[in-house]
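To start, the structure under review is shown below, and the notes come after it.
Below, chains carry the letters A, B, ... as their sequence lines are ordered, and counting in each starts from 1. Quick caveat: nothing in here was measured; it's all calculated off a predicted structure.
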Protein chains: 2
Amino acid sequence: MNIEGVAKKFDLTRDTLRYWERIELLPAIPRNQSGYREYGERDLNWVFYIKALRKAGMSIEALVEFVKLYRDGNQNIAARKSLLVDQRQELLNKVNDIQKTVKYLSFKIDHFEDHTLNYENEKLAYDQEDDQI
Amino acid sequence: MNIEGVAKKFDLTRDTLRYWERIELLPAIPRNQSGYREYGERDLNWVFYIKALRKAGMSIEALVEFVKLYRDGNQNIAARKSLLVDQRQELLNKVNDIQKTVKYLSFKIDHFEDHTLNYENEKLAYDQEDDQI
DNA sequence: GTAAACCCTGGTGTGGACTCTAGGGCAAGT
DNA sequence: ACTTGCCCTAGAGTCCACACCAGGGTTTAC
C-alpha cells in the first residue's frame, strides 16, 4: 500500500507518516523501484499501534524506544515484552489520574450552588488519601 | 498568597502561573499596592482545578472557554454547570479510549510469540464493535 | 543603607510535533 | 506528447506551552 492509502486508512497526513519514519517512530518503510514507499502488513501494524498509543497519550519517547528494540533484532524478547507491560501500566496509571479528576468534577457538579467550598474541601473530594496536591 | 507560594503549593513555576493568566486560563489575579499578585481563595481553587484538568489531558481551549463563562458574570449558571458535565463526559470518553488501548496491549502481551498476527486480528482485540479503522 | 531575594513587564528562546514549500521524478489517462 | 496527480527529499515555517532573560522596582535581613 502506498503512502496515500495508509494516510487515508488511518486518517493521518502523508507528512505525519514521513515524519514518524524520520524520527524512527516507524521502521524504515521499504521502497518500490521508483523510490516510493510501499507499506507492508507489518508496517500497517506499526502505524495502527503507534496511532493508538499516541491517542492514548503515550509519549513519543517511549514509543521510539520500543520501536528501536524491535529494529535491533529479535534478541531481547523479554525486554520487548516487559516494555509492553510497562506501557500498559502507564496507561492504567493515567486512567487512575483521570478518574480522580472525574470524581472531582462530579463533586463540583453535585455541590454546584454551594459557594462556601474551597479547594481544600475539593481536594478532599479529589483524593482522600494523597496528601500532595 | 504571593506567586512563589502558589507555585510551591501546586508545584508549578511562576512563569507558568503568569502564562496561564496571560492566556486567560486563570482570571486576572488581584494585585497589592506594589503591583504584586495576591492570590485569594478563589484563585487557588482555579489553579487547582486547571492543574487537575490539564494533567488529565484536557485541552487548554476548553478550559479557557470555561473560565470565560465565569468571568463574564454569574448569569448563566446552567451553562456553566453543563460545561462541567461536558468536561466530565470528555474525560470519561478518554478513559474509554485508553482502556481500549490497554486491551490491545494485553492482547499483544498474551500473544507475544504469535507472529501470524496482523493488525486486522489486533483490531478485533482492540475494539470488537467499532468499524472505523 | 545596602545586599539579597523577591516581584513586575515585555520580549525572546526552546522543544516537540507536525505542516508546508520548492524543486524535481514517475504514472495514468486522453 | 502532454496534462494531471501522484511520489520523493531537504529544508523552512508554525503553533503550542511554556522557560528564560533584561531591566527595573520592592521587601527583608543584617
>> For a quick check, tell me whether the side chain of Y19(A) and the base of dG16(C) share a donor-acceptor pair closer than 3.5 Å.
In response: no
> Would you say the side chains of Q89(B) and N93(B) form a donor-acceptor pair under 3.5 Å?
Replying inline: yes
> Which residue, I3(A) or I60(B), contacts DNA chain D at a nucleotide closer to its 5' end, judged by nearest heavy atom?
Replying inline: I3(A)
> side-chain contact (heavy atoms from CB on, under 4.5 Å) between R31(A) and E38(A): does it pass, once the steps are laid out?
Replying inline: CA-CA 5 Å; R31(A) 310 309 179 91; E38(A) 186 62 38; over 6 Å; no
>> Between P on dG15(C) and CD on E61(A), what's the gap in Å once rounded to a whole number?
In response: 13 Å
> Can you check the N32(B) CG to dT27(D) C1' distance for me, whole Å?
Replying inline: 11 Å
> Over how many whole Å does the gap from R14(A) atom CZ to dC20(C) atom P extend?
Replying inline: 10 Å
> Can K94(A) and D97(A) be counted as an ion pair, charged N to O under 4.0 angstrom?
Replying inline: no
> OH of Y36(B) versus C1' of dC6(C): gap in Å, rounded?
Replying inline: 6 Å
> Once you round it to whole Å, what is the distance between C1' of dA17(C) and CG of L17(A)?
Replying inline: 14 Å
>> Please report the distance, rounded to the nearest Å, between CD in Q33(B) and C1' in dC7(C).
In response: 12 Å
>> Looking at dC8(D), I'd like to know if its phosphate oxygens (OP1 or OP2) sit under 4.0 Å from a side-chain N or O belonging to R37(A).
In response: yes
> How close or far is atom C1' of dT9(C) from atom CG of D15(B), stated in whole angstroms?
Replying inline: 12 Å
>> Between K8(B) and E4(B), does any side-chain N to carboxylate O distance fall below 4.0 Å?
In response: yes
> Counting just side-chain N and O atoms, does R31(A) come under 4.0 Å of either OP1 or OP2 of dT9(D)?
Replying inline: yes
>> Would you say T13(A) places a side-chain N or O within less than 4.0 Å of OP1 or OP2 belonging to dC18(C)?
In response: no
> Hey, is the side chain of R18(A) poking within less than 4.0 Å of OP1 or OP2 on dT9(D), counting only N and O atoms?
Replying inline: no
>> Tell me whether the side-chain N/O atoms of R54(A) come closer than 4.0 Å to OP1 or OP2 in dC18(C).
In response: yes
> Is W20(B) near enough to dA17(D) that one of its side-chain N or O atoms lies under 4.0 angstrom from OP1 or OP2?
Replying inline: no
> Once the angle between the rings of Y49(A) and F66(A) is folded into 0 to 90°, is it parallel (under 30°), tilted (30 to 60°) or perpendicular (over 60°)?
Replying inline: tilted
>> dA17(D), OP1 or OP2 - any side-chain N/O from T16(B) closer than 4.0 Å?
In response: no
> How close or far is atom P of dA17(D) from atom CG of L63(B), stated in whole angstroms?
Replying inline: 10 Å
> At under 4.0 Å, does any side-chain N or O of N2(A) touch on OP1 or OP2 of dC7(D)?
Replying inline: yes
